[in-house]
Amino acid sequence: MTISYQKFGLKEVINASGRMTILGVSKVSETVLSAQRFGGEHFFEMADLSEKTGAYIANLLAVEDAQIVSSASAGIAQSVAAIIGQGSSYHAYHPYTEKVTKREIILPKGHNVDYGTPVEVMVQQGGGTVIEAGYANMCAPEHIEMMITEQTAAILYIKSHHTVQKSMLTVAQAAKVAKAHQLPLIVDAAAEEDLFAYIKDGADLVIYSGAKAIEGPSAGLVIGKKKYIQWVRLQGKGIGRAMKIGKDNILGFTQAIEDYLSNGTESGEAMKARLTPFVERINEIDGLTASIVQDGAGREIYRGSVKVNGRKNAKEVISELKEKDPAVYTREYQANNGIIEFDIRSVNEEEMKKIVTRLEEIM
Ligand SMILES: *Cc1c(COP(=O)(O)O)cnc(C)c1O
């Protein structure tokens, strides 16, 4: 039986809610799929595949070197292990050995977050010990500086909406402290859109997630100084083995990075153009009034905003949309005001037609 939703009794899901981890984050493009397919259907000298895709990405990003890993989380664990091990094969085979004592990783307290998993768990997996700097509501360069000891291995900075933003030192400030004390700075920029900024700011290693902003397959990317990337690669013989990534996703993710750099994300104008016929058709349905609205935070994201004023209220419509097959997930933040929002970044034309059909049935 060929693969399908039916084979496993799963519901088809249309994701009109945005980038949601609980729905599988994002879809990959045709070019990424064909790269994954080429990977799946061929053999490679794997060490070569890993190094040469890394060099190709490094060239695109104008950095010394790069290494694809299985996730941003794996990137954190392997970067920490790499810095602690300093390229020692003994350490790679004995990652938690007492013979290596320099294991402290300084992290601003407000960056010690849970992104679905605590950052600290990944640091520990890499053999590091988190040393928090600063306070719950602030961290200045001197707070980092005062935590540096003989046992400090690296400084870790989490660039993310999950962290405390207020009174927080910048990546460039953290890099300055790191340089002054000859320590490497690792930046976790898993969900960030800018693939250049943090290296420019002075980070030694920067980590990205494959399926978030870059919209690739499940993967992670570590970029930065050649020496450190070599040490990260060595972890493939140690803790990295439990985080192995397949040849299909190595090639698919490389393609996704290239596509992301040349096409960027969908423009606001393109979203508006795709939304126009969708909104017109919804306006023909009794009890619904639709318009195009910009993202509340002012980002270049446009959405279909649908006011419900029929026999049913917005909350009932939202739950009925999720109930049937296909299950349609929407943005629910405005439901109390009688409004349902449709984020179409991961919705194609055919799926928009299915949404309209479901709305007609429900109303
Ligand atoms: C999502 C996220 C991660 C983990 O990314 P994965 O690729 O899913 O492992 C790490 N750090 C931050 C800040 C994140 O948002």
Side-chain angles (χ1 to χ4, degrees), residues 15 17-28 32 36 53-54 57 66-83 105-126 128 130 132 139 154-166 168-171 174 185-195 197-199 201 203 205-224 232 235-236 239-246 248-250 252-254 256-257 260 265 297 299 346:
N15 177 10
S17 63
R19 302 269 153 72
M20 295 287 285
T21 295
I22 58 157
L23 301 178
V25 200
S26 57
K27 285 194 281 202
V28 298
V32 169
Q36 283 177 291
T53 50
I57 293 164
Q67 172 68 30
I68 292 180
V69 290
S70 67
S71 65
S73 303
I76 299 170
Q78 288 176 89
S79 295
V80 165
I83 299 292
I105 307 293
I106 300 178
L107 177 70
K109 192 181 184 78
H111 286 191
N112 198 357
V113 296
D114 184 322
Y115 56 76
T117 300
V119 167
E120 198 160 6
V121 173
M122 294 306 125
V123 172
Q124 286 167 346
Q125 198 164 14
V130 166
E132 290 185 345
C139 185
I155 299 170
L156 175 61
Y157 190 106
I158 314 293
K159 179 75 192 164
S160 164
H161 64 278
H162 291 298
T163 65
V164 171
Q165 310 288 318
K166 186 174 150 263
M168 191 56 68
L169 79 170
T170 62
V171 172
L185 173 68
I186 304 169
V187 174
D188 168 18
E192 299 307 297
E193 293 183 347
D194 196 325
L195 304 188
Y198 313 111
I199 290 287
D201 286 344
L205 285 175
V206 184
I207 298 156
Y208 294 93
S209 184
K212 289 180 176 172
I214 301 167
E215 292 183 75
S218 191
L221 176 68
V222 187
I223 61 174
V232 169
Q235 295 305 313
I239 65 159
R241 182 59 186 251
M243 312 164 194
K244 190 169 76 171
I245 178 168
D248 46 354
N249 280 6
I250 292 177
F253 185 36
T254 304
I257 294 166
Y260 178 71
T265 42
R299 291 179 293 177
S346 296

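What you see below is based on every heavy atom in this structure, not just the backbone, and it leaves out hydrogens, waters and symmetry mates. Just so we're clear, the structure is a prediction, and the values are computed from it rather than from any experiment. Just follow the structure's listing: the first ligand is 1, and inside any ligand the first atom is 1.
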Nearest non-hydrogen partners of [X] and [Y], listed with the distance:
X	Y	answer
I83	A154	CG2-CB, 4.0 Å
A213	A191	CB-O, 3.9 Å
V187	A203	CG2-CB, 3.5 Å
F253	G216	CD1-CA, 4.4 Å
Y260	I214	CD1-CA, 4.0 Å

Distance from [atom] to nearest protein heavy atom, with residue and atom:
atom	result
atom 9 (O) of ligand 1	S73 OG, 2.6 Å
atom 4 (C) of ligand 1	Y115 CE1, 3.3 Å
atom 11 (N) of ligand 1	D188 OD2, 2.6 Å
atom 2 (C) of ligand 1	K212 NZ, 2.4 Å
atom 8 (O) of ligand 1	S209 OG, 4.0 Å

Judging by distance only, is a nitrogen or oxygen of [X] under 3.5 angstrom from one on ligand 1?
X	value
I76	no
K159	no
S160	no

request  = Would you check if the side chain of E132 reaches a backbone N or O of H111 as a donor-acceptor pair within less than 3.5 Å?
outcome  = no

message = Treating N249 as the side-chain partner and S218 as the backbone partner, does any N or O pair qualify as donor plus acceptor under 3.5 Å?
response =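 At least one qualifying donor-acceptor pair exists.
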
key: Ligand-residue contact atoms, ligand 1 with H162, heavy atoms, under 4.0 Å   =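 Listed by number with element: 15 (O).
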
query = Which of the atoms in ligand 1, numbered in the order shown and given with their element, are less than 4.0 Å from a heavy-atom of A190?
reply =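 Here the atoms of ligand 1 in question are 2 (C), 3 (C), 10 (C), 11 (N), 12 (C), 14 (C).
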
inquiry  = Checking side chain to side chain contact (heavy atoms under 4.5 Å, CB included) between V119 and each of I105, L156, D114, which is the one that passes?
reply    =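 Result for side chain to side chain contact (heavy atoms under 4.5 Å, CB included) with V119: L156.
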
Mode of I158 contact toward ligand 1 - side chain, backbone, both, neither (heavy atoms, under 4.0 Å) =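 Under 4.0 Å from ligand 1, I158 contributes side-chain atoms alone.
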
task = With atom 5 (O) of ligand 1 as the reference point, say which of A72, A191, G220, S71 has the nearest heavy atom.
result =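 Nearest option to atom 5 (O) of ligand 1, by heavy atoms: A72.
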
